[in-house]
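Quick note: numbers below take in every heavy atom, side chains included, and nothing from hydrogens, waters or symmetry partners. All values reported here derive from a predicted model rather than from experimental measurement.
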Amino acid sequence: MPATRAAQAALMVYLVLVPWAPALWVDRTGHDTARVLQMLLWALCGVALATGGGQALGGRWARWAGLGVLSAALVLAARAPQPVWAGLEVAMWTGMVAVAMLVAELARRDGPWRRALAWALLSAALLQGGLEVLLALLGLLQGIAPSAGLVGSGYDNLRFFNHVQTLSLPLAAMAPAWLERRRGAEVMALVALATGGAALWASGGRATLAGLLAGAAVAALFSGRAGRPTLQRALVALPLAALLYGLVWHWMPEWVGAVPVSGPESAQGMGQRMASGVNDNARLALWGEALAQWRQSPWLGLGPMHLAQWPNPRAMHPHQLLLQGLAEWGTVFMVAVLGLTGVWLARRWHQGRTLAGADRAAATGAWLAVVASLVDAQFSGNAVMPVSQVWLGVAWGVLQGCTAQPVDTGAGVLAGRLSRGLACALLLAALWPVLRQWPDLDARLAAIWTDHFVHRTQPRFWSHGELFVPRAASSAAP
């Protein structure tokens, strides 16, 4: 299936290179560049599904449930005040599911493509952490002390980098299981975890750290003897990460007399953020606003993405996935989705406990990543930002592929074809508004800064965040 292989190869390239590599030659924000590349990847994944990719995943009930959820999501988008933007939000989630299905197909059995994915995961995590440490060292050579605000190369916000780390670090710990624990893979994983852990501590990513701790606890309950190597890699890397952080971010700046930076780049590290309540208070305000908007339409919601319909001085999403879902999608839809997700997770746990060997070790890392992402989503926008959305699809797909039992591919054929065709059509159609808006993004961002007197980007779909609404509607909104 050439389309499936093309989509899987493009996914691996995206994981390794985005967002830092395009930032070297594209004169746009990292968020916007990553978004347009993501939409191109989504379209390719849609074509792969329509031509047979991920066919052996899910039985009759799963296929009919998928068709029902997608159909309901499109209905909610059609009734939203701005259906095109709502449709783009549906496309975001559809693309994540498409990626998960294609990754699950790779994760099901050993082979060159699964090994290629493992090397891609290791390379991506190694570049993420290694580049941050390298840039900190280069700054020290110029007399500049590293700080939290200088972490996250290629990202508009260092928190977007943390969202990705929530997933990339556990997957890096897992990847050697697919490579027969080769020495080179073990070394890459150790360096990636050590450098990535140091960058995480330097950036002060509290939600990511909390997610990883919770994920490690669940993974330890799941792992068994066969899954322990995945957790052991993380434990061995932990003191190395702490040592590297202390060396590069604290002791070396003092030794060389480096000067701390001032301004936005002097953002707090982990220790200061633990004692700070500024961001906590902002989140409480955002959560209160989301609850108030949910009360406006509790059953069917405001419309997908429509928390970003009006200007907000804080953010265009509430940094809490459940509240965002309730406000935008409504109670009926969210209860159904949460119920299906709970059943899926229970089946993954039950079937995964029968695994042994490399599959059990890989599933242990996948559980760590999935649980960490769920915890992180209660305090952040990891399900909103483009790069972390791609990584979410990968992590959940790995869990599905490692733990799913063979199914009857002839069951629910009609539902499967309808849902795949509908998903492909949606992901291809989503390219039209995206490519039309791409040339004018800079002018749009400048206009929003002028109209609403904001001094930083407020990302949602694009870095300007706010939906394209008439100025009169914006001023009349609550």
Side-chain angles (χ1 to χ4, degrees), residues 6-7 10-11 13-15 17-47 77 80-96 98-99 152-157 160 303-312 315-317 381 384-390 423-475 477:
L11 170 64
V13 172
Y14 190 103
L15 294 174
L17 298 181
V18 178
W20 63 271
L24 298 176
W25 69 83
V26 178
D27 189 22
R28 290 290 175 86
T29 69
H31 180 93
D32 291 339
T33 304
R35 180 69 80 194
V36 77
L37 292 173
Q38 176 199 29
M39 297 307 295
L40 292 169
L41 174 64
W42 268 201
L44 191 54
C45 290
V47 173
Q82 295 193 64
V84 171
W85 285 100
L88 287 175
E89 181 75 358
V90 178
M92 291 295 94
W93 289 94
T94 304
M96 281 189 271
V99 165
S153 303
Y155 294 87
D156 289 16
N157 186 313
F160 305 166
M305 209 187 291
H306 275 62
L307 281 178
Q309 186 175 358
W310 303 293
N312 188 315
M316 292 298 178
H317 59 95
V384 171
M385 304 309 162
V387 184
S388 53
Q389 285 178 333
V390 176
C424 180
L426 173 63
L427 296 176
L428 290 175
L431 281 179
W432 174 246
V434 169
L435 296 179
R436 284 190 64 192
Q437 293 163 11
W438 174 255
D440 300 324
L441 286 182
D442 286 344
R444 175 64 184 173
L445 180 57
I448 287 179
W449 280 351
T450 301
D451 289 348
H452 305 307
F453 305 103
V454 295
H455 303 290
R456 61 187 178 91
T457 58
Q458 301 277 31
R460 181 68 191 258
F461 188 86
W462 298 119
S463 60
H464 54 64
E466 180 194 346
L467 305 191
F468 289 5
V469 297
R471 188 169 301 182
S474 296
S475 60

Within this structure, what is the [atom1]-[atom2] distance for the pair [X] and [Y], rounded to the nearest 0.5 Å?
X      : Y      : atom1 : atom2 : value
Gln458 : Asp156 : CD    : CG    : 12.0 Å
Leu426 : Leu431 : CG    : CG    : 10.5 Å
Thr94  : Met96  : OG1   : CE    : 9.0 Å
Leu88  : Trp432 : CG    : CH2   : 13.5 Å
Trp25  : Thr33  : CH2   : OG1   : 9.5 Å

Inset, instruction - For the residue pair Pro459 and Phe160, establish whether any side-chain heavy-atom pair is separated by less than 4.5 Å. - result: yes
Legend entry - Sub-4.5 Å side-chain heavy-atom contact between Leu307 and Arg460: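 Leu307 reaches Arg460 side chain to side chain.
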Inset, instruction - Measure from the side-chain N and O atoms of His31 to the backbone N and O of Val387, and report whether any donor-acceptor pair falls under 3.5 Å. - result: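 Pair absent, no side-chain N/O of His31 close to backbone of Val387.
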What are the two closest non-hydrogen atoms of [X] and [Y], and how far apart are they?
X      : Y      : value
Val390 : Val99  : O-CG1, 4.1 Å
Ala80  : Ala86  : CB-CB, 3.7 Å
Pro304 : His306 : O-ND1, 2.8 Å
Ala430 : Pro433 : O-CD, 3.3 Å
Leu427 : Gly95  : CD2-N, 3.9 Å

Inset, instruction - Mind checking side-chain hydrogen bond (donor to acceptor under 3.5 Å, both in side chains) for Ser463 and listing every partner two or more places apart, or none if nothing turns up? - result: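 If we apply the side-chain hydrogen bond (donor to acceptor under 3.5 Å, both in side chains) test to Ser463, skipping adjacent residues, the hits are Asp32.
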Legend entry - Six-ring centre of Trp462, Arg28 cation under 6.0 angstrom, axis tolerance 45°: no
Legend entry - Full working for side chain to side chain contact (heavy atoms under 4.5 Å, CB included) between Val13 and Val18: CA-CA 8 Å; Val13 172; Val18 178; over 6 Å; no
Run the side-chain donor-acceptor check on residues 37-45: report pairs under 3.5 Å with partners two or more places apart or on a different chain.
from  : atom 1 : to     : atom 2 : distance (Å)
Gln38 : OE1    : Arg35  : NH1    : 2.8
Gln38 : NE2    : Gln389 : OE1    : 2.7
Trp42 : NE1    : Ala91  : O      : 3.4
Trp42 : NE1    : Met92  : O      : 3.3

Inset, instruction - Test Glu466 against Met316 for side chain to side chain contact (heavy atoms under 4.5 Å, CB included), laying out the working first. - result: CA-CA 7 Å; Glu466 180 194 346; Met316 292 298 178; 3.7 Å; yes
Legend entry - Partners passing ring-ring contact (aromatic ring centres under 6.0 Å, His included) against Tyr14 (at least two apart in sequence or in another chain):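 Tyr14: no ring-ring contact (aromatic ring centres under 6.0 Å, His included) contacts found.
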Inset, instruction - May I ask you to decide if the ring planes of Trp85 and Phe461 are parallel, tilted or perpendicular, using 30° and 60° as cut-offs? - result: perpendicular
